[in-house]
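Scroll down for the structure; my scribbles are underneath it.
Everything quoted here is computed from the prediction, not taken from an experiment. Throughout, protein chains are lettered first and strands after them, A, B, ... in sequence-line order, and every chain is numbered starting at 1.
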Protein chains: 2
Amino acid sequence: MKANVYDPDCPARTMLDRIGDKWTVLVVLMLLDGPRRFNDLRAHVGKVAPKVLTETLRRLERDGVLTRTAFAEIPPRVVYELTPLGRSLEEPIRSIAAWAEQNIETITAARGAYDGRASAPRTSPGVASSERG
Amino acid sequence: MKANVYDPDCPARTMLDRIGDKWTVLVVLMLLDGPRRFNDLRAHVGKVAPKVLTETLRRLERDGVLTRTAFAEIPPRVVYELTPLGRSLEEPIRSIAAWAEQNIETITAARGAYDGRASAPRTSPGVASSERG
DNA sequence: CGGAATCCTAAGAGATACTG
DNA sequence: CAGTATCTCTTAGGATTCCG
């Protein structure tokens, strides 16, 4: 059976969707620097509600991307750490992050140009996007 | 000014969010094989409502990732094509897609194991995730 | 400290029908 | 053909409060 990301039910596609989660990439990115505790992640990842962070972590744990280790102490201590599978995400994820960082200016400029033009794309006289014919 | 994906207002972060869109990666992946027309994309990308596909394409056009070229003909013909910026996404995106495809089995197995265990992660006797102390 | 339980909404996503 | 116009709906995401 060949993997096919265009098939909504293909596992590869579901993983692609996972990466699309708002916090997944950020969490993995952080964990690449080493194991982190819950509130540690919370603080660095930005403004994320505990519920949301928990959900994200659970999903990634379920997918085998990271492990959750709870120490039976008071106060509690829970450490999240990437598995080998999770670490194998390093290259793809850093690649995306690097791309985003490297192309900020180009993208910002493009947005400015787009927003500052004759607005909506119409085939009519306006010649919005680009016209040929 | 240093790019910082952890900052919600950083342009790099906004682009990361864009990649998180449900259809963005799929659309770019298709356009890497060459220019496509609207319904062409619709058919291959899977079950996507025209409204949604339009929104996705508009966002990517605004970001300078692709161009929209409308030919003033009857019937209309509109071609979408990656810009150099869009093409520069090839490596990162293929990297992610390849990762997803290559690790299907590992992930599927991990999910099975997770779902089949003593369920919820509790610090209590259950020893859900993993316990130390 | 690390969540779980609740409640809420904003927006992406989808289905349908219609038009230049 | 390539959209636009509506309307509905699901759900990721978020704010808050409480608990072991």
Side-chain angles (χ1 to χ4, degrees), chain A residues 8 13-14 17-27 35-43 45-61 66-80 119-133, chain B residues 8 13-14 17-27 35-61 66 68-81 119-126 128-133:
Chain A
R13 167 66 170 280
T14 71
D17 290 342
R18 184 97 326 136
I19 290 174
D21 288 353
K22 187 166 184 176
W23 304 106
T24 295
V25 170
L26 263 17
V27 166
R36 300 280 176 173
R37 297 177 60 177
F38 190 84
N39 281 329
D40 203 5
L41 288 168
R42 260 193 92 184
V45 142
K47 279 195 165 300
V48 57
K51 193 201 76 169
V52 174
L53 182 55
T54 298
E55 290 169 347
T56 302
L57 290 169
R58 289 278 190 284
R59 278 193 292 256
L60 291 175
E61 187 191 359
L66 55 77
T67 60
R68 173 183 181 277
T69 307
F71 295 83
E73 309 169 351
I74 306 285
R77 183 161 54 102
V78 178
V79 174
Y80 294 91
S119 69
R122 275 279 145 60
T123 303
S124 338
V127 185
S129 295
S130 57
E131 306 284 320
R132 297 183 199 167
Chain B
R13 167 68 169 279
T14 70
D17 291 342
R18 183 96 327 137
I19 290 173
D21 288 353
K22 187 166 185 178
W23 304 105
T24 296
V25 170
L26 264 16
V27 165
R36 300 277 176 176
R37 298 175 60 176
F38 190 83
N39 281 329
D40 203 5
L41 288 169
R42 259 193 93 184
H44 282 78
V45 140
K47 280 195 163 300
V48 56
K51 191 201 77 173
V52 174
L53 183 55
T54 297
E55 288 168 350
T56 302
L57 290 168
R58 288 280 189 284
R59 277 192 293 255
L60 292 174
E61 186 190 0
L66 55 78
R68 174 184 182 277
T69 306
F71 296 83
E73 310 167 350
I74 305 286
R77 182 162 55 103
V78 178
V79 174
Y80 293 91
E81 186 168 13
S119 69
R122 274 279 145 61
T123 304
S124 339
S129 294
S130 57
E131 306 284 320
R132 294 183 200 168

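- The distance between atom CG of B:L57 and atom P of D:dT4, rounded to the nearest whole Å, is 10 Å.
- The shortest non-hydrogen separation linking A:R42 to A:P50 is NH2-CD, 3.6 Å.
- A:L41 places none of its side-chain heavy atoms less than 4.5 Å from the side chain of A:V48.
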Reading nucleotides 7-17 of chain D from 5' to 3' and marking B where a protein heavy atom lies under 4.0 Å of the base, S where only the sugar-phosphate is that close, and - otherwise, the string is B-----BBB--
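- Of all heavy-atom pairs spanning A:V79 and A:P35, the tightest one is CG1-CB, 3.6 Å.
- Going from atom CD1 of A:I74 over to atom C1' of C:dG2 covers 11 Å, rounded to whole Å.
- Side chains of B:R58 and B:E55 form no contact here, defined as non-hydrogen atoms less than 4.5 Å apart.
- In this structure, the side chains of A:T56 and A:D21 stay at 4.5 Å or more apart for every pair of heavy atoms.
- Applying the 4.0 Å criterion to OP1 and OP2 of C:dG2, one finds that A:R77 has every side-chain N and O outside that range.
- Regarding contacts with the backbone of D:dC1, every side-chain N or O of B:Y80 stays at 4.0 angstrom or more from both OP1 and OP2.
- Between B:N39 and D:dA2 there is a side-chain polar atom (N or O) within less than 4.0 angstrom of OP1 or OP2.
- Comparing C:dG3, C:dC1, D:dC1 against the side chain of B:P76 picks out D:dC1 as the nearest.
- Within the 4.5 Å cutoff, side-chain heavy atoms of A:R13 are placed close to those of B:L26.
- Checking the phosphate oxygens (OP1, OP2) of C:dG3, a side-chain nitrogen or oxygen of A:R68 falls inside 4.0 Å.
- The side chain of B:R37 places an N or O atom within less than 4.0 Å of a non-bridging phosphate oxygen (OP1 or OP2) of D:dA2.
- Rounded to 10°, the angle separating the first-five-pair axis and the last-five-pair axis of the helix from C:dC1-D:dG20 to C:dG20-D:dC1 equals 60°.
- Residues A:F38 and A:L53 form a side-chain contact, since some pair of their non-hydrogen atoms from C-beta on lies under 4.5 Å apart.
- Note: CZ (B:F38) to P (C:dG20) measures 18 Å, nearest angstrom.
- Each of B:R37, B:R36, B:R68 was scored for a side-chain contact (heavy atoms from CB on, under 4.5 Å) with B:V78, with one residue passing: B:R68.
- Considering only heavy atoms from C-beta on, A:W23 stays 4.5 Å or farther from A:L57 through its side chain.
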